[in-house]
Amino acid sequence: MTDGAPKEFDLAKLLAERGAERYELHARHLNHQLPRMLRTIGFDKVYERAEGAYFWDAEGNDYLDMLAGFGVMGLGRHHPVVREALHDVLDASLADLTRFDCQPLPGLLAEKLLAHSPHLDRVFFGNSGTEAVETALKFARYATGRPRILYCAHAFHGLTTGSLSVNGEAGFRDGFAPLLPDTAIALGDLDALERELKRGDVAGFVVEPIQGKGVHESPPGFLRAAQELLRRHKALLIADEVQTGLGRTGDFYAYQHEEGVEPDLLCVAKALSGGYVPVGATLGKDWIFKRVYSSMDRVLVHSASFGSNAQAMAAGLAVLSVMEDQEIVANARRSGDLLRERLTALIGRYELLHDVRGRGLMIGIEFGRPSSLKLRSRWTMLQAARKGLFAQMVVVPLLQKHRILTQVSGDHLEVIKLIPPLIVGEREVERFVAAFTAVMDDAHSGGGLMWDFGKTLVKQAVANR
């Protein structure tokens, strides 16, 4: 391009000319239900920029992010160290993805990841959390020579076909059968686990140490006892740390909260990306990898076209460097303890607030049936229309009135899940608690915009039946 000549492709110009069409473009060309849903609940915002734990709209109003892109933005948005690493790797013009060489960045990232799980030996890099789970399922089945995978009710391990086979939510599975051989057990049910293992066809048991749906933690001692049962029956323990890993729960991995637990396979993704380049990783024991890749003929028996690409590897290395240098895991534990403590103190104050649970910066706020007659009748109305509407009634004013983005923790659940960037501190905790208190005050007053919006949600739920 000569000096002064127009760019062949001008991204800034394209966004300036067409950016305002964002919701219409989605409605015409992508998932048409997304803009419809966002407009229904008043989430059809236009965010102009983002940094750290905040968004800003065109008027300069800031919004606190307590969702972190479903956990992807562990370091917040546009962390300067990760940005610089990506600029550096692009400027280096590496001979990337030749497929027939060994670049240094994948080995360096694997080395740093494995240092946090010293009982594991090797890593496969894919492009997402569901790919990491798919890899673990394939490796477990091949390494053991068995077909069946056990998982927990209400689990979420991804939406591709293999991962969907171990997804505990019927709404995601409906209409996509047949899936892989699988069996669900209740989280914490060791008797059910042993009963299934005795059938002799189980390759492995995949489990989230803390379930994303509902924010339910595995009972104390369950993972260790499950591990012992699995080893006795020559099956594998697969820890899905796609959301809980990399500091989210106040430990580097959530399974490390329980002494003596050493998964055979471990899945991570989300925060490893730095919020920029999709990446997933499956860590495993040496013997498993050597059985899968048993000869040179099988060197590509499991691979990914974009796996181990330089941009993803550079982002992952930068993320781990920041986590170590800035003590991100300790901050997640400290801020999470403060937030959970402040919210738990409100349980006695609000009859609609039933529980606050979780670890680190993965917190579930559960609502339940109130005792007073006036509130109970309104609660019953919502429940009759669709379970989960009250939690949505809390999420909406948090955004509309207080500019805080949150999410409900699964369909048909009266639970809000907080998974903010791991960099949040006391200022963000105080802002959220003040806003949540105001919303709950409004709910318990029996009037106000919350219940008016609840009527709108009821009408929408009835219309969708």
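The shortest side-chain heavy-atom distance between Leu150 and Arg148 falls under the 4.5 Å cut-off. Proximity of Lys417 to Gln243: side-chain heavy atoms (C-beta onward) are separated by under 4.5 Å at one or more points. Within the 4.5 Å cutoff, no side-chain heavy atoms of Leu34 are placed close to those of Tyr23. Counting heavy atoms from C-beta on, the side chains of Val439 and His402 come closer than 4.5 Å. Contact check for Asp57 versus Val46: no side-chain heavy atoms found under the 4.5 Å cut-off. No side-chain heavy atom of Asp121 sits less than 4.5 Å from a side-chain heavy atom of Leu114. Inter-residue side-chain proximity for Leu94 and Leu105 is flagged as met; some heavy-atom pair is nearer than 4.5 Å. Inter-residue side-chain proximity for Asp240 and Val207 is flagged as unmet; no heavy-atom pair is nearer than 4.5 Å.
To the nearest 0.5 angstrom, Glu217 atom CD is 12.5 Å from Glu208 atom CD. Rounded to the nearest 0.5 angstrom, Leu418 CG and Gln407 CD are separated by 9.0 Å. For the atom pair CD1 of Ile210 and CD1 of Ile363, the computed distance is 10.0 Å after rounding to the nearest 0.5 Å. One finds the CG atom of Leu405 at 6.0 Å from the CG atom of Leu399 (value rounded to the nearest 0.5 Å). With rounding to the nearest 0.5 angstrom, the CG atom of Asp251 is 12.5 Å from the CG atom of Leu246. From Glu84, atom CD reaches atom CG of Asp91 across 10.5 Å, with rounding to the nearest 0.5 Å.
Salt bridge Glu366/Arg357: present, at least one basic N to carboxylate O contact under 4.0 Å. Ion pair Asp62/Arg403 flagged as a salt bridge, since at least one NZ, NE, NH1 or NH2 atom sits closer than 4.0 Å to an Asp/Glu carboxylate oxygen. The residues Glu228 and Arg231 are annotated as not salt-bridged, no charged nitrogen and carboxylate oxygen being separated by less than 4.0 angstrom. For the pair Asp337 and Arg340, the salt-bridge criterion is met [side-chain N within less than 4.0 Å of a carboxylate O].
More than 12 non-hydrogen atoms from other residues, nucleotides or ligands lie less than 6.0 angstrom from NE2 of His216. The neighbour count for Glu327 CD, taken as heavy atoms of other residues, nucleotides or ligands under 6.0 Å away, does not exceed 12. Counted within 6.0 Å of CD on Glu48, heavy atoms from surrounding residues, nucleotides or ligands total more than 12; the atom is thus considered enclosed. Residue-environment remark: CD (Glu426) stays at or below the threshold of 12 foreign heavy atoms within 6.0 Å. The number of heavy atoms from other shown groups lying within 6.0 Å of CZ (Phe176) does not exceed 12.
The two residues Ala68 and Ile419 have their closest heavy-atom pair at CB-O, 3.1 Å. Pairing each heavy atom of Cys152 with each of Gln211, the nearest pair is CB-NE2, 3.5 Å. Closest of all the heavy-atom pairs between Val424 and Ser335 is O-OG, 2.8 Å. Here the closest non-hydrogen pair linking Ala281 and Val123 is CB-CG1, 4.0 Å.
Side-chain contact, Thr249 with Thr244: no donor N or O sits under 3.5 Å from an acceptor N or O. Under 3.5 Å, the side chains of Ser294 and Tyr142 contain no donor-acceptor pair of N or O atoms. No side-chain N or O of Asn167 forms a donor-acceptor pair with one of His157 less than 3.5 Å apart.
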For residues 304-320, dump all side-chain donor-acceptor pairs below 3.5 Å to protein atoms at least two apart in sequence or in another chain.
{"residue": "Asn309", "atom": "OD1", "partner": "Gln311", "partner atom": "N", "Å": "3.2"}
{"residue": "Asn309", "atom": "OD1", "partner": "Ala312", "partner atom": "N", "Å": "2.9"}
{"residue": "Asn309", "atom": "ND2", "partner": "Phe306", "partner atom": "O", "Å": "2.8"}

Per-pair distances, 0.1 Å, donor-acceptor, side chain in residues 259-270, under 3.5 Å, sequence neighbours excluded:
{"residue": "Asp264", "atom": "OD1", "partner": "Lys285", "partner atom": "NZ", "Å": "3.0"}
{"residue": "Asp264", "atom": "OD2", "partner": "Leu237", "partner atom": "N", "Å": "2.8"}
{"residue": "Lys270", "atom": "NZ", "partner": "Phe70", "partner atom": "O", "Å": "3.0"}

Please tabulate, for side-chain N and O atoms in residues 71-83, each donor-acceptor pair with protein atoms closer than 3.5 Å (sequence neighbours left out).
{"residue": "Arg77", "atom": "NH1", "partner": "Asp65", "partner atom": "OD2", "Å": "2.5"}
{"residue": "His78", "atom": "ND1", "partner": "Tyr276", "partner atom": "OH", "Å": "2.9"}
{"residue": "His79", "atom": "ND1", "partner": "Val81", "partner atom": "N", "Å": "3.2"}

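Evaluation of the side-chain contact (heavy atoms from CB on, under 4.5 Å) rule for Ala225 yields Leu190 as partners, not counting sequence neighbours. Partners of His302 under the side-chain contact (heavy atoms from CB on, under 4.5 Å) rule, at least two apart in sequence or in another chain, are Phe124, Thr135, Lys138, Phe139, Tyr293. Phe436 meets the ring-ring contact (aromatic ring centres under 6.0 Å, His included) test with Phe432; sequence neighbours excluded. Partners of Ser165 under the side-chain contact (heavy atoms from CB on, under 4.5 Å) rule, at least two apart in sequence or in another chain, are Leu179, Leu180, Asp182. Applying the side-chain contact (heavy atoms from CB on, under 4.5 Å) rule to Asp101 yields the partners Thr98, Gln103; only residues at least two apart in sequence or on another chain are considered. Remark: Phe172 pairs with Phe156 by the ring-ring contact (aromatic ring centres under 6.0 Å, His included) rule, at least two apart or across chains. Contacts of Phe222 classified as ring-ring contact (aromatic ring centres under 6.0 Å, His included), with partners at least two apart in sequence or in another chain: none.
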Requested in this report: Assess whether side-chain contact (heavy atoms from CB on, under 4.5 Å) is satisfied between Arg359 and His257, documenting all intermediate values.
Outcome: CA-CA 10 Å; Arg359 275 197 277 125; His257 185 71; 3.1 Å; yes

Query raised in the report: Step by step, would you call Glu134 with Arg141 a salt bridge (Lys or Arg N to Asp or Glu O under 4.0 Å)?
Result: CA-CA 11 Å; Glu134 292 274 357; Arg141 296 176 80 198; over 6 Å; no

Requested in this report: Carefully, step by step, assess Arg248 and Leu422 under the rule side-chain contact (heavy atoms from CB on, under 4.5 Å).
Outcome: CA-CA 7 Å; Arg248 169 61 57 191; Leu422 306 182; 3.5 Å; yes

Report task. Start with the C-alpha distance between Tyr151 and Ser163, add both sets of side-chain angles, then the distance that settles side-chain hydrogen bond (donor to acceptor under 3.5 Å, both in side chains), and finish with yes or no. Result -> CA-CA 10 Å; Tyr151 66 99; Ser163 301; over 6 Å; no

Report task. Apply the test side-chain contact (heavy atoms from CB on, under 4.5 Å) to residues Thr282 and Phe125: give CA-CA distance (whole Å), side-chain angles for both, the deciding distance (0.1 Å), then the verdict. Result -> CA-CA 7 Å; Thr282 306; Phe125 287 114; over 6 Å; no

Report task. Under the side-chain contact (heavy atoms from CB on, under 4.5 Å) rule, what do Ile423 and Ile328 come out as? Steps first, then yes or no, please. Result -> CA-CA 7 Å; Ile423 59 171; Ile328 297 298; 4.0 Å; yes

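Residue pairs meeting the salt bridge (Lys or Arg N to Asp or Glu O under 4.0 Å) criterion with at least one partner in residues 104-114, sequence neighbours excluded, are Lys112-Glu324. Listed by first then second residue, pairs satisfying salt bridge (Lys or Arg N to Asp or Glu O under 4.0 Å) with a partner in residues 149-160 number zero, not counting sequence neighbours.
Aromatic rings of Phe55 and Tyr63 (six-membered ring for Trp) have centroids beyond the 6.0 Å cut-off, not under it.
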